[in-house]
Amino acid sequence: ELKVEQNPLFLSMQEGKNYTIYCNYSTTSDRLYWYRQDPGKSLESLFVLLSNGAVKQEGRLMASLDTKARLSTLHITAAVHDLSATYFCAVFTNFGNEKLTFGTGTRLTIIP
Amino acid sequence: NAGVTQTPKFRILKIGQSMTLQCTQDMNHNYMYWYRQDPGMGLKLIYYSVGAGITDKGEVPNGYNVSRSTTEDFPLRLELAAPSQTSVYFCASKTRGDTGELFFGEGSRLTVL
C-alpha cells in the first residue's frame, strides 16, 4: 500500500525566511501533485510534476520531484503572510486504476 | 464553468439516519473520486470510479456506497450514519491520462450527532 509522508507536519516561520517542505512516498510513481488548502476551503492545485527532475515555480513557491529518491520538495522563498495555509502533496498510482493518495499535510503559519 | 458541484454544503444527521451526497461534474471526466477529510487531517479515499458503471473501493469504504450510472454523476450514500462519519467530504474528477489534473468540489460538511 502506498504511503505518503510529509514533514514537517507543522511549521511556523517568520516573514522573509526560506524553508522547505518534504514529501516522501513509498512506491514507484512519476506523478506528484501539490495542493494548497485554506481553512474551511477546498483544495487548490499548485503544481503538477510529471517526470523525474521536474521543477515548477510560481511566485515564492518552487516544487521539484526526484522519482529515484521518491521525494518531492516544496520550497518557500522569502515567505509572506498570504502563504499561510495547509499544503498537501499527493501521489498518483496507476496500477490498474488511477488513484491519488494524499500526504498528511503541512500546516504552515507565517508570522509577521 | 461549473466544474465539480457538490450538494449539500452542510448537513446534520442523527445517528442511524441515511443520506446521499451528490456530486456532478460538467467536464466529461471519466474518473471521479470521493474523499473524506477529518479535522486537521489529510484526505482519505473512500470510493472511486473510472467510468460509468465502474466503481471500486478506496482506503475507507466501510459505511458508504456509491453508484455511477452516468459520466456526470457520482453520488455517495451513507447508510446508518455514525459519529465516526462526521467529516468533510470532497468529490473530485479528472480526465484519463498521465497529465490529468484533479479538480475538487467545494466540499460537504457532515455532522452526525
Side-chain angles (χ1 to χ4, degrees), chain A residues 1-10 21 23-26 28-52 54 56 63 65 67 85-109, chain B residues 2-7 9-10 23 25 27 29-51 53-61 66 68 87-111:
Chain A
E1 183 181 332
L2 173 61
K3 300 288 186 187
V4 183
E5 295 182 344
Q6 289 180 236
N7 69 84
L9 298 182
F10 299 93
I21 299 171
C23 174
N24 292 273
Y25 54 97
S26 62
T28 302
S29 176
D30 59 1
R31 286 186 283 164
L32 190 138
Y33 296 67
W34 283 97
Y35 288 88
R36 167 182 173 144
Q37 187 180 37
D38 293 309
K41 302 293 186 181
S42 187
L43 282 81
E44 173 190 352
S45 178
L46 294 175
F47 300 108
V48 180
L49 303 169
L50 297 175
S51 62
N52 186 42
K56 295 277 186 74
L65 178 62
T67 59
T86 298
Y87 293 85
F88 292 96
C89 65
V91 178
F92 249 115
T93 54
N94 58 353
F95 305 119
N97 293 303
E98 298 186 11
K99 295 191 291 185
L100 192 63
T101 300
F102 279 79
T104 47
T106 296
R107 186 174 298 179
L108 174 64
T109 303
Chain B
V4 179
T5 303
Q6 293 183 232
T7 57
K9 288 186 167 48
F10 302 93
C23 177
Q25 53 89 12
M27 297 172 281
H29 285 169
N30 299 102
Y31 291 78
M32 295 187 75
Y33 305 83
W34 274 107
Y35 289 90
R36 62 176 284 175
Q37 185 179 31
D38 297 332
M41 304 294 285
L43 278 74
K44 293 186 177 180
L45 183 64
I46 305 172
Y47 271 96
Y48 66 104
S49 170
V50 301
I54 306 170
T55 63
D56 205 352
K57 297 177 180 178
E59 298 174 77
V60 289
V66 294
R68 184 93 182 272
S87 192
V88 179
Y89 292 83
F90 289 100
C91 180
S93 72
K94 72 177 288 290
T95 57
R96 181 182 293 131
D98 286 350
T99 61
E101 181 181 344
L102 205 66
F103 292 87
F104 281 87
E106 292 298 308
S108 297
R109 186 177 297 272
L110 176 67
T111 302

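We name chains A, B, ... by the order of the sequence lines, and we start the count at 1 in each one. These numbers come from a predicted model, not from an experiment.
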field: Nearest heavy atoms of A:Leu43 and B:Phe104, plus distance in Å
entry: CB-CD1, 4.1 Å
query: Considering residues, nucleotides and ligands other than A:Lys56, do more than 12 of their heavy atoms fall under 6.0 Å from its NZ?
result: yes
statement: B:Arg109 and A:Gly40 have their tightest heavy-atom pair at NH2-CA, 4.0 Å
- request: Search all heavy atoms of B:Gly105 against all heavy atoms of A:Ser42 and return the closest pair with its distance.
  value: O-OG, 2.5 Å
field: Side chain / backbone / both / neither for B:Phe103 at chain A, heavy atoms under 4.5 Å
entry: neither
- prompt: So what's closer than 4.5 Å to chain B heavy atoms on A:Glu44: side chain, backbone, both or neither?
  reply: neither
- prompt: Which atom names give the shortest non-hydrogen contact between B:Gly40 and A:Arg107, and what distance separates them?
  reply: CA-NH2, 3.6 Å
statement: Nearest heavy-atom contact between A:Tyr33 and B:Leu102 is CE2-N, 4.3 Å
field: Taking every non-hydrogen atom, the tightest pair across A:Phe88 and B:Met41
entry: CZ-O, 3.9 Å
- prompt: Side chain, backbone, both or neither: which part of B:Phe90 has a heavy atom under 4.5 Å from chain A?
  reply: side chain
Chain A contact via B:Leu43 - which portion, at a heavy-atom distance below 4.5 Å: both
- prompt: Do the side chains of A:Leu100 and B:Tyr48 get nearer than 4.5 Å, heavy atoms only?
  reply: no
